[in-house]
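A quick write-up on the structure given underneath.
Both ligands and their constituent atoms are indexed starting at 1 by order of listing. We number each residue from 1, following the sequence as shown.
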Amino acid sequence: MSRNGTGRPGTGTTDVVVVGAGHSGLAMSAWLSAHSVEHVVLERGEIANSWRHERWDSLRLLTPNWQTRLPDYRYEGDDPDGFMGSADVAQFISRYAGFIGATVRTGTAVRSVSRHGDAFHVGTEQRGWRCRAVVMANGAHGIAQVPALAVKLPAAVCSMSAKDYRNPGRLDDAGVLIVGASATGLQLADEIAASGREVTLAVGEHIRMPRSYRGRDIQWWLTAAGILDQRFDQVDDLVRARRVPSPQLVGAPRSLDLNSLTMRGVRTVGRLVGLEGNIAQFSGALRSECAMADLKLARMLESFDALAVSNSFELAGTPERFAATRVDDTPQLTVDLAKQRIGTVIWATGFRPDYSWLQERVFDQKGRLRHHGGFVAPGLYALGLNFMRRRKSSFIHGAEDDVRDLGSHLVGWLKESPAARAAARMEMRAGI
Ligand SMILES: Cc1cc2nc3c(=O)[nH]c(=O)nc-3n(C[C@H](O)[C@H](O)[C@H](O)COP(=O)(O)OP(=O)(O)OC[C@H]3O[C@@H](n4cnc5c(N)ncnc54)[C@H](O)[C@@H]3O)c2cc1C
C-alpha cells in the first residue's frame with residue numbers, strides 16, 4: 001500500500017487514521033512509524049491547536065517542566081521546576097512533531113467516521129479516507145460543559161465558558177460570577193479579582209492541594225505515591241474517578257486556595273443550583289464541601305508523611321497541616337445579579353470530548369463514549385481522556401504509557417487475519 005495511495009477518486013487509503021495532532025495523536029503517530037504502520041494524522045487546525053487557540057492568555061501548566069515529556073522526548077531547558085505557558089507548550093509539541101517527522105494534514109477537520117465491513121470511512125471536507133483502524137486523539141476538552149440552567153441567565157448578563165475567556169481586559173468593569181472552583185475557576189477568580197473587579201465564586205465539590213509540601217512539588221509527591229500511575233482497572237468506582245475535579249493548583253511557585261482568594265476579597269458561595277430572573281440561588285452545603293476538601297487534604301498529607309518515613313526520604317520540611325478553609329457561618333444562599341452589578345458569568349464547570357462526527361453505536365445513555373481503557377470497538381481507539389488507562393492519562397506525560405499499551409494492541413490487530421478481525425467484531429456486537 002503506498003503511503004497516501006488512493007482507492008477511489010477523492011478517497012485515500014491507509015492503515016490507520018489518527019484524528020488530532022495534539023501531543024496524544026503525535027505520540028501515537030511516532031509509535032505507528034516506529035512499527036512501520038502506514039497512517040495519516042488529520043488535524044482540523046494547526047499542530048497543538050488547542051494550546052494555540054483554546055486557552056486563556058495567562059494559563060501555565062500545573063505540571064512542572066521536569067514532568068513534561070513525551071516518548072523519547074523531554075523538556076531540556078534550564079528551568080525544570082518552572083511551568084510552561086500555552087505558547088511554550090505549543091512550541092514543545094510542534095518541536096516533537098518535527099523530532100518524530102510526523103506527517104500531519106493540517107486544516108483537515110474530520111466530519112464523519114463510520115465502519116463499512118472490515119474498514120472505516122473517515123470523511124473530511126477535502127477528501128475521504130478508507131482505513132483499517134481509527135485513533136481518536138481529538139482531545140478531552142472539545143466542548144465546555146455548561147449547566148442547562150445557563151439559558152435562564154438574564155439577557156443583560158454576559159455568559160461565557162472558560163474556553164472563551166482570554167483575560168480580564170476583555171470583560172466589562174462589572175462584577176463577575178465564576179461557577180466552579182477547580183483549577184480553572186480558582187485561577188480565573190484570582191486573575192479577575194487582581195484586575196479590581198468584584199468576584200463571586202460558586203464552590204461545589206473540590207480538591208484542595210498545596211503547590212508544594214515539605215520542600216517538594218506536589219506533583220513529585222503524587223508521582224512518588226504512585227497516584228498518577230494508578231490504573232483504571234484498580235479503582236472501585238471508575239465512573240466517579242473519571243469525574244473527579246482537577247485539583248486547586250496554579251502553575252506558579254505558590255499555593256492557590258479558597259483562603260488566599262477570600263483574603264483578596266473574593267466572595268465564596270455554594271454550588272449554583274438555580275436561576276430565577278436576576279436571582280442566583282446557591283446550595284447551603286458550602287461549609288460541608290470545604291470541610292470535606294480539608295479532611296481529604298489532611299488524609300493525603302498523612303499518607304505522604306507515612307511514605308516519607310517508609311522510604312527514608314530526605315526532605316527539607318517537617319510535617320505540616322494547613323489552616324481550615326474559612327467560610328462564613330451563614331454563607332449567602334442567593335445573589336441578586338442586578339443589585340450586585342454582576343455583568344459576566346464564567347462557567348468553569350468542566351469539559352467533555354466532542355465525538356459528534358462518530359457514527360458508531362459506542363455511547364452510553366448519557367452520551368459518554370463507552371470504552372475499556374481506550375479500546376472503543378475493534379479497530380477503534382481513544383486517547384487522552386480523563387483517567388482513561390491511568391490517572392495521568394489526560395496529562396502530557398501520560399501519553400507515553402497509554403500509547404505503548406494501545407499502540408501494541410493496534411499493531412497486533414492490524415496483523416490479524418480478516419477472519420479473526422470479523423470474529424472480534426461479531427463478539428463485540430454480541431457484547432461478549
Ligand atoms: C485548561 C487546561 C489545563 C491543562 N493543564 C495541563 C497541565 O498542567 N499539564 C498537563 O500535562 N496537561 C494539562 N492539560 C491537559 C492536557 O494536556 C490536555 O488534555 C491535552 O491538550 C490533551 O491532549 P490531546 O493531544 O489528547 O488533545 P488536544 O491537545 O486537545 O489535541 C486534540 C487535537 O485534535 C484536533 N481535533 C479535534 N477535533 C478534530 C476533528 N474533528 N478533526 C481533526 N482534528 C480535530 C484539535 O484541533 C487538537 O489539535 C490541561 C488541559 C486544559 C484544558
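- Side-chain contact between Met28 and His39 is absent, with no heavy-atom pair separated by less than 4.5 Å.
- The protein atom (non-hydrogen) at minimum distance from atom 41 (N) of ligand 1 is Val110 O, 3.1 Å.
- Between Phe83 and ligand 1 there is no heavy-atom distance shorter than 4.0 Å.
- Side-chain contact between Trp51 and Asp88 is absent, with no heavy-atom pair separated by less than 4.5 Å.
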Working note: Thr124 + Arg111, criterion side-chain hydrogen bond (donor to acceptor under 3.5 Å, both in side chains); need CA distance, chi angles, decisive distance, verdict.
CA-CA 5 Å; Thr124 77; Arg111 301 286 186 214; over 6 Å; no

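- Taking any N or O of Leu62, backbone or side chain, at least one lies under 3.5 Å from an N or O belonging to ligand 1.
- For Gly45, no nitrogen or oxygen atom sits less than 3.5 Å from a nitrogen or oxygen atom of ligand 1, counting backbone and side chain alike.
- Residue contacts with ligand 1 include Thr108, since one of its heavy atoms falls under 4.0 Å from the ligand.
- From the protein, the heavy atom lying nearest to atom 33 (C) of ligand 1 is Glu43 OE1, 3.5 Å.
- A side-chain contact (heavy atoms from CB on, under 4.5 Å) with Phe232 is found for one member of His372, Met388, Arg390 and no other, namely His372.
- Taking atom 44 (N) of ligand 1 as the reference point, the nearest protein heavy-atom neighbour is Arg44 N, 3.0 Å.
- Side-chain contact between Val134 and Val16: absent, with no pair of heavy atoms (C-beta onward) separated by less than 4.5 Å.
- In plain terms, the two heavy atoms of Arg214 and Ala308 that are nearest each other are NH1-CB, 4.0 Å.
- Looking at His23 next to ligand 1, an N or O pair under 3.5 Å apart turns up.
- No side-chain heavy atom of Arg60 sits under 4.5 Å from any side-chain heavy atom of Met84.
- By the 4.5 Å heavy-atom criterion applied to side chains, Gln281 and Val335 are not counted as neighbours.
- Here Leu42 has backbone heavy atoms under 4.0 Å from ligand 1, and that is the only part of it that gets that close.
- Residue Ser50 holds the heavy atom nearest to atom 29 (O) of ligand 1 of all those in Ala137, Gly25, Ser50, Ser86.
- Nearest to atom 19 (O) of ligand 1 among the protein's heavy atoms is His141 CE1, 2.9 Å.
- Atom CG in Leu249 sits 9.5 Å away from atom CG in Leu186 (nearest 0.5 Å).
- For the side-chain contact (heavy atoms from CB on, under 4.5 Å) test with Val41, the passing option among Val104, Val19, Leu32 is Val104; the others fail.
- Nearest protein heavy-atom neighbour of atom 31 (O) of ligand 1: Gly22 CA, 3.5 Å.
- Within ligand 1, the atoms closer than 4.0 Å to a non-hydrogen atom of Phe395 are 9 (N), 10 (C), 11 (O), 12 (N), numbered from 1 in the order shown.
- For ligand 1, the atoms closer than 4.0 angstrom to any heavy atom of Val19 are 40 (C), 42 (N), 43 (C).
- Looking only at heavy atoms of the protein, atom 34 (O) of ligand 1 is closest to Gly20 CA, 3.2 Å.
- Distance from atom 26 (O) of ligand 1 to its nearest protein heavy atom, with residue and atom name: Ser24 OG, 2.7 Å.
- By heavy-atom distance, the residue among Thr106, Val41, Asn386, Asn138 lying nearest atom 37 (C) of ligand 1 is Asn138.
- With hydrogens and angles ignored, the 3.5 Å screen pairs no side-chain donor or acceptor of Asp164 with any backbone N or O of Met160.
- In this structure, Ala109 is part of the shell of residues with a heavy atom less than 4.0 angstrom from ligand 1.
- A salt bridge links Arg208 to Asp294: at least one charged side-chain nitrogen sits closer than 4.0 Å to a carboxylate oxygen.
- Of the candidates Ile396, Leu59, Thr68, Val18, the one placing a heavy atom closest to atom 1 (C) of ligand 1 is Leu59.
- Neither the backbone nor the side chain of Gln67 has a heavy atom within less than 4.0 Å of ligand 1.
- When the options Asn49, Leu26, Ile93, Leu61 are ranked by their closest heavy atom to atom 5 (N) of ligand 1, first place goes to Leu61.
- A salt bridge links Asp217 with Arg211; the closest basic N to acidic carboxylate O contact falls under 4.0 Å.
- Where the criterion is an N or O separation shorter than 3.5 Å, residue side chain and backbone included, Arg60 fails it with respect to ligand 1.
- Scanning the protein for heavy atoms near atom 9 (N) of ligand 1, the closest one is Thr63 OG1, 2.7 Å.
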Might you work through the side-chain contact (heavy atoms from CB on, under 4.5 Å) test for Leu406 and Arg389, ending with a clear yes or no?
CA-CA 10 Å; Leu406 297 187; Arg389 294 190 64 75; 4.1 Å; yes

